[in-house]
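I have placed the structure first, in the form of structure tokens, so that the comments after it can refer back to it.
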Amino acid sequence: MRWSQAFIPTLKETPAEAEIISHKLLLRAGLIRKLTGGLYTFLPLGLRVLRKVEKIVREEMDRAGALEVLMPALQPPEIWQQSGRYETAQGVFFKARDRAKKEWILGPTHEEVITTLVAGELSSYRQLPKNFYQIQTKFRDEIRPRFGLMRAKEFVMKDAYSFDISDEAAQASYKKMYDAYTRIFERCGLKAMAVEADTGVMGGKFSHEFMAPAETGENEVVYCEACNYAANVEKAASRASQIEGDAAPQTAEKFPTPGVTTIEDLTRPPFQVPAVRQIKTLVYMVENKLALILMRGDHQLNEAKLAGALGTAAFRPAEPEEIFTALQAHPGSLGAVQVKDLPIHADETLLGAVNMTTGANQDGFHWRGVGIGRDITVNKWSDLRLARSGEPCARCGQPLKIRRAIEVGHVFKLGTKYSQALNACFLDESGKKQPAVMGCYGIGVTRTLQAIIEQSNDKDGILWPVSVAPYAVCVTPLTVAPDSAVMKLAEQIYADLGARGVEVILDDRDDRPGVKFKDSELIGFPVRVGIGEKSLARGEVELKKRGGPMTPVKAEEAVEKVLASLY
RNA sequence: CGGGGCGUAGCGUAGCUUGGUAGCGCGCUUGGUUCGGGACCAAGAGGUCGUGGGUUCAAAUCCCACCGCCCCGACCA
């Protein structure tokens with residue numbers, strides 16, 4: 001490609017809309033442009049990168065034995081009703097209507113479609129295992145699109161769905177995808193770690209997320225350097241730090257606490273009750289009934305765990321009016337002492353706690369000397385708390401660490417939820433009808449692209465890994481007069497590299513060197529070959545790896561040196 | 001959806017408090033000088049000041065509504 005013929009609108013200044021470095025660079029390097037919030041056009045250079053990421057994904061899926069298909073983006077709501085997700089996934093749908101006013105759904109994911117397909121084709125266990133994948137645009141009505149491609153209304157995703165005859169076989173399929181993902185991110189030059197994850201609305205059995213560490217990531221990963229335990233913070237278990245030794249249990253007593261409405265307030269004089277000695281009382285509306293959730297004062301509730309404990313995701317924090325009606329007190333003065341008519345769920349760290357302080361369900365009053373079990377009747381004990389940095393690892397006891405990360409991939413073991421609902425069944429060896437055991441596996445392709453930039457950049461711009469760079473080499477003549485020795489050599493190196501299969505761009509723009517250098521560094525071509533009169537007088541050209549020093553090489557060796565530097 | 005911020009030329013922005021000719025930098029066009037790290041000089045083009053309404057002799061500026069974008073939040077009582 002000749003730069004003068006290309007469309008590479010680089011920007012000297014950062015558009016005001018971009019907040020994080022990868023988003024800024026996507027715009028500045030001329031890779032994407034925004035149509036409107038959450039919707040982007042890939043410009044030629046950005047599309048080249050996208051295609052390269054897709055190619056790597058495709059190669060690794062094929063290698064793992066998955067079969068590529070392409071499913072419709074537009075889906076009938078009926079299959080979602082069949083799977084039971086029409087209601088639960090309501091929030092993410094973009095909907096459309098045809099001329100007959102019938103409703104359609106712009107696919108946010110494709111479990112229903114693929115399972116419907118398989119249901120129609122599958123009859124015998126001999127047909128399994130099968131794993132189908134596609135690379136397709138998904139549509140999700142995100143609550144808040146942000147950070148460019150990171151969270152968009154429309155994005156490219158690779159999704160794969162495996163069908164197996166048994167749990168064990170499904171496990172093998174899962175492992176294959178897990179391994180494929182590890183290779184994919186490695187080949188993309190992206191640091192990503194597999195972490196245990198919550199299954200959320202997918203309703204699966206267990207799952208791993210592939211997380212690319214980055215400060216701007218929207219997720220938090222809890223990990224242990226000692227034993228390699230790693231989990232999404234929504235899932236992460238930590239060992240409960242017990243409350244230190246107690247004096248003899250005191251008797252519960254109500255005391256006035258005018259104006260006190262937070263855990264923090266109670267830790268200050270005159271009360272000076274440490275947060276670990278407090279019981280935080282949260283009120284939730286669970287399927288239209290109120291429930292109390294008790295946490296230790298220094299702990300935070302993890303809603304993903306709460307969903308697991310409640311067995312439903314249909315809950316929300318109660319409104320203050322609802323709380324007052326039920327407990328005759330406002331948030332900040334709530335407690336579970338002597339509450340008999342509401343279900344009480346408690347985090348297991350409170351088990352056996354005595355001498356605790358908690359709200360009295362009377363504004364301006366708290367109880368102290370409260371003993372769980374004696375003064376509060378807990379209906380269900382569960383692990384409900386958010387793991388924190390420094391807490392002992394649940395496996396090995398070493399301190400846990402937390403870091404932010406971008407979720408780039410997710411593998412789920414689904415079980416038979418969808419195959420049962422949509423009748424994707426087969427006859428086993430004994431002639432018995434069985435639902436296929438499924439798994440599903442996603443990679444956010446466009447998000448991966450941006451995550452690579454987020455991890456690989458410096459003050460001058462992007463540092464593309466060779467595997468996904470829009471062009472591997474930028475040949476930069478400092479003079480472009482057609483009959484000059486400099487340009488002639490540039491043309492020759494450009495042609496020779498192209499002939500050797502290297503993706504190369506020739507910066508034939510009649511611009512000053514500084515402009516060309518800045519642009520090539522902003523875009524981040526892995527290797528630049530600079531050709532100028534001065535060095536050429538010595539029979540040399542300049543080889544510069546992005547982010548590295550400039551090294552002179554003999555002009556006649558340039559092509560070989562470039563090839564060597566690429567691998 | 002709640003809160004906050006912002007909409008002025010392709011991009012970045014000043015002007016708004018205190019109403020009175022819309023300004024600057026980058027980019028763009030033309031000419032010239034330059035030519036190894038985002039050149040310089042000169043002359044230009046380019047604006048429904050987000051949209052609609054209101055107040056006023058007069059609105060980018062004040063008021064109302066709407067639209068759009070960005071950020072934070074939407075569990076921590």
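In this text, all values refer to a predicted model and were calculated from it rather than measured experimentally. A, B, ... follow the sequence lines: proteins, then strands. Residue 1 opens every chain. No hydrogens, no waters, no symmetry mates; every other heavy atom, side chains included, goes into these values.
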Check your understanding: Given the C1' atoms of A59(B) and G50(B), what is the spacing between them in whole Å?
Key -> 16 Å
Check your understanding: When you compare U29(B) with C70(B), how far apart are their C1' atoms, in angstrom units rounded to a whole number?
Key -> 33 Å
Exercise for review: Classify the nucleic acid contact of Arg28(A) as base, sugar-phosphate or nothing, counting any heavy atom under 4.0 Å across all strands shown.
Suggested key: base
Check your understanding: Which sits closer to the 5' end of RNA chain B, Leu522(A) or Val283(A), going by the nucleotide each is nearest to?
Key -> Leu522(A)
Practice item. Using the C1' atom as the reference point in each nucleotide, state the distance between C1(B) and C24(B) in Å, no decimals. Key: 40 Å
Revision key, fill the gap. From CG of Leu39(A) across to C1' of G68(B) the rounded distance in Å is 13 Å
Point to revise | Strand contacts (RNA chain B) in residues 481-489 of chain A, 4.0 angstrom heavy-atom criterion | key: none
Review point. How is Asp519(A) classified with respect to the nucleic acid when contacts are heavy atoms under 4.0 Å: base, sugar-phosphate, or nothing?
Key: base
In a table with atom names and distances, give each donor-acceptor pair under 3.5 Å that connects a side chain of residues 5-13 of chain A to protein atoms at least two apart or in another chain.
unit_1   : atom_1 : unit_2    : atom_2 : d
Thr10(A) : OG1    : Asp519(A) : OD1    : 3.0

Exercise for review: Using a 4.0 Å heavy-atom cut-off across all strands, classify Ile323(A) as base, sugar-phosphate, or nothing.
Suggested key: base
Exercise for review: For atom CD of Gln90(A), decide whether the heavy atoms of other residues, nucleotides or ligands shown that lie under 6.0 angstrom number more than 12.
Suggested key: yes
Point to revise | Distance between C1' atoms of A60(B) and U13(B) (Å, rounded) | key: 14 Å
Point to revise | G36(B) to A43(B) separation - P atoms, rounded to the nearest Å | key: 27 Å
Point to revise | Interatomic distance at C1', G12(B) relative to C69(B), whole Å | key: 16 Å
Review point. For C16(B), what is the paired nucleotide under Watson-Crick or G-U wobble rules, both distances under 3.5 Å?
Key: none
Check your understanding: Can you tell me how far C1' in G47(B) sits from the matching atom in A14(B), rounded to whole Å?
Key -> 15 Å
Review point. Which residues satisfy the side-chain contact (heavy atoms from CB on, under 4.5 Å) test with Lys401(A), sequence neighbours excluded?
Key: Tyr223(A), Glu225(A)
Review point. Does the side chain of Leu351(A) reach to within under 4.5 Å of the side chain of Ile372(A), using non-hydrogen atoms?
Key: no
Check your understanding: Taking only residues at least two apart or on different chains, which pairs with a member in residues 522-532 of chain A satisfy salt bridge (Lys or Arg N to Asp or Glu O under 4.0 Å)?
Key -> Glu521(A)-Arg528(A)
**Study point:** Partner set under ring-ring contact (aromatic ring centres under 6.0 Å, His included) for Phe93(A), not counting sequence neighbours
**Key:** Trp80(A)
Review point. C35(B) phosphate, OP1 or OP2: any side-chain N/O from Arg512(A) under 4.0 angstrom?
Key: no
Revision key, fill the gap. Comparing nearest nucleotides in RNA chain B, the 5'-proximal residue of the pair Asn302(A), Glu521(A) is Glu521(A)
Point to revise | Atom C1', compared across C35(B) and C40(B): separation rounded to whole Å | key: 12 Å
Practice item. Return the residues of residues 529-547 of chain A meeting this criterion: a heavy atom under 4.0 Å from some atom of RNA chain B. Order them by number, or give none. Key: Gly532(A), Glu533(A), Lys534(A), Ser535(A), Glu542(A)
Using a cutoff of under 3.5 Å, can you pull out all pairs of nitrogen or oxygen atoms linking the protein to nucleotides 22-30 of chain B, with atom names and distances?
unit_1 : atom_1 : unit_2   : atom_2 : d
G25(B) : N2     : Glu13(A) : OE1    : 2.5
C26(B) : O3'    : Lys12(A) : NZ     : 3.2
G27(B) : OP1    : Lys12(A) : NZ     : 3.3

Check your understanding: Partners of Glu303(A) by side chain to side chain donor-acceptor pair (under 3.5 Å), sequence neighbours excluded?
Key -> Tyr284(A)
Review point. So is Arg140(A) actually on top of Phe94(A)'s ring, under 6.0 Å and inside 45° of the axis?
Key: no
Practice item. List in chain and number order the residues that pass side-chain contact (heavy atoms from CB on, under 4.5 Å) with Asn219(A), two or more places apart in sequence or in another chain; answer none if no residue qualifies. Key: Met211(A), Asn232(A), Glu407(A)
Check your understanding: Who pairs with Gln300(A) by side-chain contact (heavy atoms from CB on, under 4.5 Å), at least two apart in sequence or on another chain?
Key -> Leu386(A)
Exercise for review: Using a 4.0 Å heavy-atom cut-off across all strands, classify Arg509(A) as base, sugar-phosphate, or nothing.
Suggested key: nothing
Nucleotide N/O of nucleotides 69-73 of chain B paired with protein N/O under 3.5 Å:
unit_1 : atom_1 : unit_2    : atom_2 : d
C69(B) : OP1    : Thr36(A)  : OG1    : 2.7
C69(B) : OP1    : Gly37(A)  : N      : 3.1
C69(B) : O3'    : Lys34(A)  : NZ     : 3.0
C72(B) : OP2    : Arg144(A) : NH1    : 3.1
C72(B) : OP2    : Arg144(A) : NH2    : 2.6
C72(B) : OP2    : Arg146(A) : NH1    : 3.3

Exercise for review: Report the residues that fulfil side-chain contact (heavy atoms from CB on, under 4.5 Å) with Leu47(A), sequence neighbours left out, ordered by chain and then residue number.
Suggested key: Phe42(A), Leu50(A), Arg51(A)
